[in-house]
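Just so it is clear, the values below take in all heavy atoms, side chains as well, and ignore hydrogens, waters and symmetry mates.
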Amino acid sequence: MSKPVTITLPDGKTLAFDGPTTGLQVAEKIGARLAKDALGVKVDGELRDLTAPITHDAKVSIVTYKGRDGTISTDALYLVRHSAAHIMAEAIQRVVPEAQLVYGPPLEDKFYYDIKFPDNRPLREGDFAKIEEEMKKIVAEDRKFTRYEQAREACMTRLASEGNKYKVDNAERAIKADPNAALSFYATGEPGKNFEDLCRGPHVPSTGRIGAIKVLSLASSFWHGDENSDRLTRVYGTAFATQAEMDAYFALKEEAAKRDHRVLGKQLHLFHIDEAVGQGLILWTPNGGIVRDQLQRFISEELVKQGYFQVFTPHIGRLELYKTSGHFPYYKESQFAPVIEREALEELSKSGCSCSEMMHRVEGVSARLAATINERTAKQTITPDRVLADDKLIEGFMLKPMNCPHHIKIFNSRAYSYRDLPIRLAEFGTVYRWEQSGELNGMTRVRGFTQDDAHLFCTEDQVAAEVLGCLSLVKIVLGTLNMNNYRVRVGLRDPDGKKYTGTAAQWDKAEAACRDAAKTLGVPFSEEPGEAAFYGPKIDFVVKDVIGREWQLGTVQVDYQLPVRFGLSYTGSDNKPHTPVMIHRAPFGSMERFTGVLIEHFAGAFPTWLSPEQVRVLPISEKTNDYAQKVAATLRAKGIRATVDDGNDRVQGKIKVAAEAKIPYMAIVGPRDAEQGMVSLRIRGVEKDAGAMPLATFADAIAAEVAERRAVLGVKP
RNA sequence: GCCGGCGUAGCUCAGUUUGGUAGAGCAUCGCUUUUGUAAAGCGAUGGUCGCAGGUUCGACUCCUGUCGCCGGCUCCA
């Protein structure tokens, strides 16, 4: 006799079964409609096949495409896409029978299948139409996904006989991960008759449940992501439960493409990247310059309110500075190469110094510096092999990859008492990092960028309040920009990790400070053990833009390490030296990335205060050019960025051009307006004449909107 | 950095398959028009076809290298 099974549903109701049941039976018991719509089942939080046996009491929820609240279930899409990957794999094998399947998981909004194609028959985009045709056939056949398990020995023998080393490897890995796991296969239809794939599942009940399926693109990948391993072809596809949902997905993609800051940056003349200047190096053109300048002024104003001091530091620093901080040569792969002094270089080339010898000498540390650092860090931080005689050392400079060493030197340029702390040093500091060329992307991933950086030097007791202050600044700025949808990630130390500096007590305190500060923000936050830097915990900001994409912007990091390495101290109330704690913070990451994200967030239609051109005056004909100039002059006198389009076009043409430039306000002026001292307004986003208003009222209203940095256009006649 | 695709006027693109040194729209400039809410008409200017080699009587077109961009992979103190 089998044991009775009690199923608890999401609403708390329970269903009793005499013995093992399945998700399908549960659904049938609830209602025929639900059974028909069911795609899978969640048993105690685990996603499973609808027909998988449920043998013990469990909390069960039936996965349908749309949840009770009408939103689309991510679990359903997971099932749909995972199943779609099998269908695509089968279709591809019909088109290219020699293709060896490797691995095909679902992703957030699509899926892929890594496949090894024979060298003489690679997959091309031209094959997509044929593959999609086959996929649609498979969907139309509405074949059941049938799961069966096979004994390990038989399974391995079978896979080996099929000659696909990748699947053999997958099976071996599955066994390694869980020695008790059963190896399962899924047949798209009947085992032994239809396409089968080694797969853990789960899947939708049958191929007909996939409403829309499409091959997206090709890319290359490596087996296990190892570039020394086999090169595979990654075929991307996507699938949805309905065609309407797929259409909406592509509409969103199109919307995202329209907002692409690289496209808008060109159209709106915001920035330029020039081959001759270099990859990943942003040239801020006049329009982009205005946006950046306005952002910086705004941030600076807030910093003054919060007691920061503005500092300025050069773009380079001596190698010794970075040897002290530990950034060189440890991170040399991601830095621009050092600038070696001319005389040293000439001497080296004369003496026939080899490249590796030269690098060794560039990276060398003097005995004095090595002794100092080793003493301060109380261990052999600088190993003896890096210590060189002074006449062997090669001096040079580095483009700064971060601002902290410079700011540390400013802190250390005078003596501080505990009464002086915290000291908050802020700088829009430009740094240079050697990002891999394949990673560069418009403004969001660059090689030279200006951080909205600051370093706070405080006592341990002040850490919590200072972290909180950093977060409140972020909240003010993001709120002003109407970016209220963001979350924070709190990076904590790995409980087992040994790489961390500082004491456990310090860490506990700092982590508590970060956690508490994050809580006060009133936004979602997650704790991520193991994500801390080796020198302290950190808080990352992840902002969601208006179309739902997430962007990692800046961080706040607590640092116990650098103050030690640089031997920083302040005098405590006990008249003894104490080591300060440092907080690094760049809440928006960089002006480049932040501006890039803002461009996409606003789709180029900036709030008035950020708009490069705030008002364009459009005279109806030459006859009102003079009045138009007067209008613009009046606005400019109020600090408003206004221009006149006195070209020979008709007003319709001028409106089109100004609208495409996404200018917030158009002041259209003809004889009527000139006589009465009015302007006829057209507001961005309102596709009609908004009516006339007196020039003086208009100027004051716009000036107020700008002064308050309002996020939405509010001037109306 | 790796794999694939792509580089033609300031911008968006055609022409390359089948080698005979380029074409459109927008922008710019000029003329006509004097205009009331998303482009009036006509004309002109503008390109050593990313760069460097090679093949050829002849290369935007074919080959090699190189630089850059895009999509992925990998990476991001």
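Side-chain proximity of A/Gln557 to the nucleotides B/A77, B/C73, B/A39 is greatest for B/A77. Closest contact between the side chain of A/Lys110 and the listed nucleotides B/A77, B/C76, B/G72 involves B/G72.
Proximity of a side-chain donor or acceptor of A/Thr555 to a complementary backbone N or O of A/Gln557 within less than 3.5 Å is not detected.
Atom CG in A/Leu268 sits about 13 Å away from atom C1' in B/C11, given to the nearest Å. Between the NZ atom of A/Lys662 and the P atom of B/A38 there is a distance of 17 Å, rounded to whole Å. Between A/Lys266 atom NZ and B/U12 atom C1' the separation is 10 Å, expressed in whole Å. For the pair A/Phe336 CZ and B/A77 P, the interatomic distance rounds to 17 Å; values are reported in whole Å. Regarding A/Lys116, its NZ atom lies at a distance of 11 Å from the C1' atom of B/C3, rounded to whole Å. Atom CZ of A/Arg489 and atom P of B/C76 are 13 Å apart (whole Å). Atoms CG (A/Leu264) and C1' (B/U12) sit 15 Å apart, rounded to a whole Å. As a whole-Å value, the separation of A/Glu660 CD from B/A39 P is 10 Å.
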Each nucleotide N or O in nucleotides 44-51 of chain B that has a protein N or O under 3.5 Å away: list the pair and distance.
none

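Figure legend. B/U55 is base-paired to no nucleotide; pairs are counted as Watson-Crick or G-U wobble with both atom distances under 3.5 Å. The nucleotide B/U61 finds no pairing partner, because no Watson-Crick or G-U wobble arrangement with both distances shorter than 3.5 Å includes it. In this entry B/C13 has B/G23 as its Watson-Crick or G-U wobble partner, both defining distances falling under 3.5 Å. With a 3.5 Å ceiling on both atom-pair distances, B/U45 lacks any Watson-Crick or G-U wobble partner. Here B/U33 sits opposite no nucleotide as a Watson-Crick or G-U wobble pair (both hydrogen-bonding atom distances under 3.5 Å). Pair check for B/G71 finds B/C3; Watson-Crick or G-U wobble, both atom distances under 3.5 Å.
Side-chain N/O atoms of A/Arg262 include one lying less than 4.0 angstrom from OP1 or OP2 on B/G71. Between A/Asn441 and B/C69 there is no side-chain N or O to OP1 or OP2 distance below 4.0 Å. For B/G68, the OP1/OP2 oxygens have a side-chain nitrogen or oxygen of A/Gln279 closer than 4.0 Å.
When ring centroids are compared, A/Phe328 and A/Tyr322 stay outside the 6.0 Å threshold. Taking the six-membered ring wherever Trp is involved, the centroid distance between the rings of A/Tyr535 and A/His584 falls below 6.0 Å.
B/A24 and B/C49: their C1' atoms are spaced 16 Å apart (whole Å). With P as the reference atom, B/C6 and B/C62 are 11 Å apart, rounded to whole Å. The same atom, P, is picked in B/G10 and in B/U32; the two are 29 Å apart, to the nearest Å. The same atom, P, is picked in B/U18 and in B/U61; the two are 15 Å apart, to the nearest Å.
Residues A/Phe594 and A/Leu553 meet the side-chain proximity criterion, which asks for heavy atoms closer than 4.5 Å.
Taking the side chain to side chain donor-acceptor pair (under 3.5 Å) definition, one finds that A/Ser621 meets it with nothing, sequence neighbours left out. Residues meeting the side chain to side chain donor-acceptor pair (under 3.5 Å) test with A/Arg585, sequence neighbours left out: A/Tyr308. For A/Arg318, the side chain to side chain donor-acceptor pair (under 3.5 Å) partners are A/Glu395, not counting sequence neighbours. Evaluation of the ring-ring contact (aromatic ring centres under 6.0 Å, His included) rule for A/Tyr330 yields no partner, not counting sequence neighbours. When the side chain to side chain donor-acceptor pair (under 3.5 Å) test is applied to A/Arg650, no partner is found at least two apart in sequence or on another chain.
Residue whose closest nucleotide on RNA chain B sits further toward the 5' end, between A/Ser334 and A/Tyr236: A/Tyr236.
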Got a list of side-chain donor-acceptor pairs under 3.5 Å for residues 274-287 of chain A, not counting sequence neighbours?
{"residue": "A/Asp274", "atom": "OD1", "partner": "A/Ala276", "partner atom": "N", "Å": "2.8"}
{"residue": "A/Asp274", "atom": "OD2", "partner": "A/His272", "partner atom": "NE2", "Å": "3.0"}
{"residue": "A/Trp284", "atom": "NE1", "partner": "A/Glu592", "partner atom": "OE2", "Å": "3.4"}
{"residue": "A/Thr285", "atom": "OG1", "partner": "A/His269", "partner atom": "O", "Å": "2.8"}
{"residue": "A/Thr285", "atom": "OG1", "partner": "A/Leu270", "partner atom": "O", "Å": "2.8"}
{"residue": "A/Thr285", "atom": "OG1", "partner": "A/Phe271", "partner atom": "N", "Å": "3.2"}
{"residue": "A/Asn287", "atom": "ND2", "partner": "A/Leu268", "partner atom": "O", "Å": "3.0"}

Can you give each donor-acceptor pair under 3.5 Å made by side-chain atoms of residues 671-682 of chain A, sequence neighbours left out, with the distance rounded to 0.1 Å?
{"residue": "A/Asp673", "atom": "OD1", "partner": "A/Ser680", "partner atom": "OG", "Å": "2.8"}
{"residue": "A/Asp673", "atom": "OD2", "partner": "A/Gly670", "partner atom": "N", "Å": "3.0"}

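No donor-acceptor contact under 3.5 angstrom links the side chains of A/Arg593 and A/Gln552, judged on distance only.
Note on A/Met666: nothing from the nucleic acid sits closer than 4.0 angstrom, heavy atoms only. Base contact: A/Gln335 has a heavy atom under 4.0 Å from a base atom.
Within 3.5 Å, a donor on the side chain of A/Lys656 pairs with an acceptor on the base of B/A39, or the reverse. Judged by distance alone, with hydrogens and angles left aside, A/Arg445 brings a side-chain donor or acceptor within reach of the base of B/C76, the pair sitting under 3.5 Å.
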| task | Using a 4.0 Å heavy-atom cut-off, write out nucleotides 24-37 of chain B from 5' to 3' as B (base contacted by protein), S (sugar-phosphate only) or - (no contact). | result | --------BBBBBB
